[in-house]
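Notes follow once the structure below has been shown.
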There are 2 protein chains.
Amino acid sequence: MLSKKATIDDVARLADVSIRTVSRVINDSPRVGQATRAKIKQIIEDLNYHPNTQARGLAARRSYLLGMIYDNPDALYINDVQRGVLSVCRESGYELVVHPCDMHSDTLTEEAVSFVNRSQLDGVIILPPISENNDLAGALAKNNVNYVRLASVPLDKAEHVVISNERSATAAMAEYLVGLGHCRIGYIAGPKGMKSTRERLEGFCDALEKHGCKLETEMIARGAYTFESGIECARMLLANPNRPTAIFASNDEMAVGAITAAQEMGLKIPDDLSIAGFDDSILASRITPRLTTIRRPVMQMARKATVKLIAAVDGREEDACRGVTLVPSLVTRDSTRSLD
Amino acid sequence: MLSKKATIDDVARLADVSIRTVSRVINDSPRVGQATRAKIKQIIEDLNYHPNTQARGLAARRSYLLGMIYDNPDALYINDVQRGVLSVCRESGYELVVHPCDMHSDTLTEEAVSFVNRSQLDGVIILPPISENNDLAGALAKNNVNYVRLASVPLDKAEHVVISNERSATAAMAEYLVGLGHCRIGYIAGPKGMKSTRERLEGFCDALEKHGCKLETEMIARGAYTFESGIECARMLLANPNRPTAIFASNDEMAVGAITAAQEMGLKIPDDLSIAGFDDSILASRITPRLTTIRRPVMQMARKATVKLIAAVDGREEDACRGVTLVPSLVTRDSTRSLD
DNA sequence: GAATTTTATGCCAGCGCTGGCAATTTTCTT
DNA sequence: AAGAAAATTGCCAGCGCTGGCATAAAATTC
C-alpha cells in the first residue's frame with residue numbers, strides 16, 4: 001500500500017523525462033512525441049497517479065470546479081437541474097459544488113461572490129429565482145466570474161442565460177382548456193415579486209382573451225406555490241356563486257391542493273371540475289386523478305447551461321454569450337376533460 | 001474595480017507585518033497579539049481579501065471540501081440528506097462536492113477513490129445503498145480517506161456510520177397495525193440484495209409473530225421501490241381469495257401504487273383496506289387519503305454524519321469512530337384504521 | 001537586575017503543478 | 001549536405017499559502 005500518493009515527479013522519474021513533459025501529457029498538449037506520450041500514460045496508469053487539482057489550479061488558475069447557487073423553494077426542480085449539470089460535468093472533467101443561499105438575504109451578492117472566490121470556482125450556474133437578481137449577475141460580471149443563469153422568463157440581459165419560455169407554455173395550457181370548452185377558468189397564481197408569477201399569468205391571460213374568454217379578476221387567486229395555499233385558493237375560487245369549470249394552478253403543489261379542496265367539497269375531478277398544474281413533478285403522475293400539467297425541459301436546460309458555462313470557461317465564447325430558449329410541453333392526463 | 005484579487009502579501013504589506021502573521025490570523029492561531037490581530041482583521045475586511053483555498057490546501061494538505069457519494073434511486077431522500085450535510089458545512093466553513101455514482105459499476109470503488117484524490121477532498125459521506133458496499137469502505141480506509149456512512153441497517157463495521165434503526169421502525173408499524181386489529185397483513189418488500197429490504201421485513205415479521213400473527217408467504221410480494229411495482233404487488237396481494245385487511249409497503253412510492261391499485265379495484269381506503277408506507281415522502285402528505293408511514297430522521301442523520309466527519313478531519317477522533325443510531329418514528333394519518 | 005519563561009513575530013523552504021521561453025532533436029528544403 | 005523549419009523536450013520561476021524553526025520582545029522569577 002502506497003503510504004504516499006504519487007506525484008508528477010514520480011511519473012517523470014520513472015519515464016525518464018522532465019515533469020514538464022508529463023504535465024503536457026496530462027493536459028493533452030499536442031507537443032509530445034508519440035512514444036513518449038504512450039510511455040508516460042502507461043506509467044501514470046501503473047502508478048495510479050492522479051494530478052493534484054489544487055496544485056494544478058494554483059499554477060493554472062483553474063479549479064475544475066463549478067458552482068451551483070440556488071435558494072430552496074422547490075427541491076424537486078433543483079434536483080433535476082443538479083442532475084443535468086452533473087451529467088455534463090462528468091463528461092467534461094469538472095466537479096460540482098452546491099451552494100444554497102437565502103435569496104432574501106441582504107448579503108446575497110457579497111456572499112455569492114465570496115463563495116466563488118473562496119473556492120476558486122471556474123464558473124457558476126444560478127437557478128431561479130435567484131437568477132432574476134441582476135445585482136448578483138452584475139457583481140459576478142464585475143469580478144470576472146463566469147456564470148450562466150437559468151430562468152423561466154426573459155431577463156434584462158439576454159446573455160449568459162438559458163430560459164424556458166413559460167409564457168408560451170401557459171398560453172398553450174389556456175388554449176388546451178378553451179379547446180375543451182372551458183371559458184370560466186380559475187387561476188391560482190404564484191407569489192408577488194417573482195417574475196415567473198407574472199409571466200405565467202400573462203401568457204395564460206393573453207391566450208384566453210385571444211379566444212374570447214376573459215380571465216375575471218375574481219377568478220385569480222394568489223397562492224404561494226405551496227400545497228396549503230393551493231387548498232385555500234381553490235376554496236376561494238369555488239366559493240364563487242358562478243363557479244369556474246376549470247382551475248389552472250401555476251404549479252403542481254397548488255394544483256394538488258386544489259384537487260384536495262375540490263374533493264373535500266364533494267366535487268369529482270375531472271367530471272365536475274377540471275384542474276391542471278405546472279411542473280410535471282413526481283406528484284403529478286402519482287395523484288388520483290393523474291394531473292394534466294406542463295413539463296419544462298429542466299434537465300435539458302441544465303445541460304445547455306452547463307455546456308455554455310464550460311465553453312466560456314475554456315474561452316470558447318463563440319456561442320457562449322447568446323441566450324438559449326427552450327419550450328415546455330403540455331402533458332395531458334386525467335384531471336382535465338371537455339365540458340361537453 | 002480591483003483588477004487583481006488581493007493576496008496575503010497585500011494584507012501583510014498594508015499591516016506592516018510578515019505574511020506568516022497574517023496567516024496566523026486567518027487560521028485563528030492564538031499566537032498573535034491583540035492589536036496586531038485587530039489591525040490585520042480590519043485590513044482583510046477593507047481589502048475584501050479572501051484566502052485562496054487552493055493555495056491553502058496545497059500548503060496545508062486541506063481542501064475544506066467534503067464529498068457526497070450516492071446512487072440515485074431516491075431523489076427525495078438524497079435531497080434531504082444534502083440539505084442536512086450542507087447545513088453543517090455552512091457552519092464549519094466547508095463546501096460540498098456532490099458525486100453521483102452507479103452502484104452497480106465494476107469500477108465503483110476505483111472511481112470513488114479517484115474522485116476523492118483528484119479533488120483532494122477532506123472527507124466523504126456515503127449514502128445508501130452504496131454505503132452498504134464494504135469494498136468501497138475498505139478501499140477508502142486503505143487510502144486514508146476520512147469517510148462516514150449513512151445506513152439504514154447495521155453494517156459489518158460499526159464505525160464511521162450513522163444508522164437509522166429501521167428494524168425497530170417496521171416493528172412499530174407492525175404493532176400499530178396489530179393494535180388496530182389487523183392480523184392478515186400484506187407486505188410489499190423491496191428488491192433482493194439490499195440490506196434494507198431484509199431488515200425492514202424481519203423487523204415487521206418478528207413483531208407480528210410476537211403478537212401471534214404470522215406473515216404468510218403468499219402475503220409477501222417483492223417490489224422494486226417503484227410506483228409501478230407497488231401497483232403490481234398490491235394487485236397480486238388483493239387477488240388472493242383470503243384478502244389481507246391491511247397492506248404495508250416498504251416505501252411510500254409503492255404504498256401509493258398500492259392505493260392506486262386498490263382504488264381501481266373499487267376498494268375504499270381505509271374502510272375496506274388499510275395501507276401504510278415508509279419514508280414520509282412528499283407524496284405521503286399529498287395523496288388522498290393521506291398516508292400513514294414511517295419517518296426517518298434523515299436531516300438529523302445527515303447532520304450527525306457530517307459532524308462526525310468534520311471531527312475526524314480535524315483530528316478530533318474522540319467520538320468520531322463510534323457509530324450513531326437514530327430511531328425513525330411512526331406517522332399516523334388517514335390511510336389506516338381499525339378493523340370493525 | 002540577570003536569568004528564565006512566555007508571548008509574539010519573521011524567515012525559509014516547499015506543497016505539486018503550469019507558463020513562458022530556451023534548448024535540443026528531428027524532419028524537410030534546396 | 002548545409003541550412004531552415006518543425007517537432008519535441010527541459011529549465012526556471014512562481015502560483016498563494018502554511019509548517020517548522022529561529023528570533024525578538026515582553027512578562028515573570030528569584
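Shown here are the ring pair (Phe, Tyr, Trp, His ring centres under 6.0 Å) partners of A:His99, two or more places apart in sequence or in another chain: A:Phe115. The side chain to side chain contact (heavy atoms under 4.5 Å, CB included) check on B:Ile310 picks up B:Leu66, B:Val88, B:Ser92, B:Tyr94, B:Thr306, B:Asp314, B:Arg316, with sequence neighbours excluded.
One can place CZ of B:Arg56 at 21 Å from P of C:dC17, the figure rounded to the nearest angstrom. What separates CZ of B:Arg24 from P of D:dG16 is a distance of 21 Å, to the nearest Å. Spacing between atom CD1 of B:Ile44 and atom C1' of D:dC17 amounts to 13 Å, rounded to whole angstrom units. Atom NZ of A:Lys5 and atom P of C:dC15 are 15 Å apart (whole Å). Atom CD in A:Gln54 sits roughly 15 Å away from atom C1' in C:dG14 (whole-Å rounding). If you take CG of B:Asn52 and P of C:dG16, they are 17 Å apart, rounded to a whole angstrom. What separates CG of A:Leu47 from C1' of C:dG16 is a distance of 15 Å, to the nearest Å. One atom, CG of B:Asn27, and another, P of D:dC17, lie 11 Å apart when rounded to the nearest Å.
Each of B:Asp102, B:Ile130, B:Asp135 was scored for a side-chain contact (heavy atoms from CB on, under 4.5 Å) with B:Leu108, with one residue passing: B:Ile130. For the pairing with B:Val324, the side-chain contact (heavy atoms from CB on, under 4.5 Å) check across B:Val307, B:Ile163, B:Val162 returns one residue only, B:Val162.
The side chain of B:Ile26 sits closest to D:dT18 out of D:dT18, C:dG16, D:dC15. In the set C:dT9, C:dC15, D:dC15, the nucleotide with an atom closest to the side chain of B:Val32 is C:dT9. Distances were taken from every side-chain heavy atom of A:Thr36 (C-beta onward) to each of D:dT8, C:dC17, D:dG19; the shortest belongs to D:dT8.
Mapping B:Arg37 and A:Ala60 onto DNA chain C by nearest heavy atom places B:Arg37 at the nucleotide closer to the 5' end.
Remark: B:Thr7 is not in phosphate contact with D:dG16, judged by side-chain N or O atoms under 4.0 Å from OP1 or OP2. The side chain of B:Tyr49 places an N or O atom within less than 4.0 Å of a non-bridging phosphate oxygen (OP1 or OP2) of D:dC17.
Between A:Leu326 and A:Pro297 the shortest heavy-atom distance is CB-CG, 3.8 Å.
A cation-pi arrangement is absent between B:Arg149 and B:Tyr147 under the rule of less than 6.0 angstrom and at most 45 degrees off the ring axis.
A 6.0 Å sphere centred on NZ of A:Lys195 holds more than 12 heavy atoms belonging to other residues, nucleotides or ligands.
Residues from residues 10-21 of chain A lying near DNA chain C, meaning a heavy-atom separation below 4.0 Å, are A:Ile19, A:Arg20 in numerical order.
Within 4.0 Å (heavy atoms only), B:Arg31 reaches at least one base atom of the nucleic acid.
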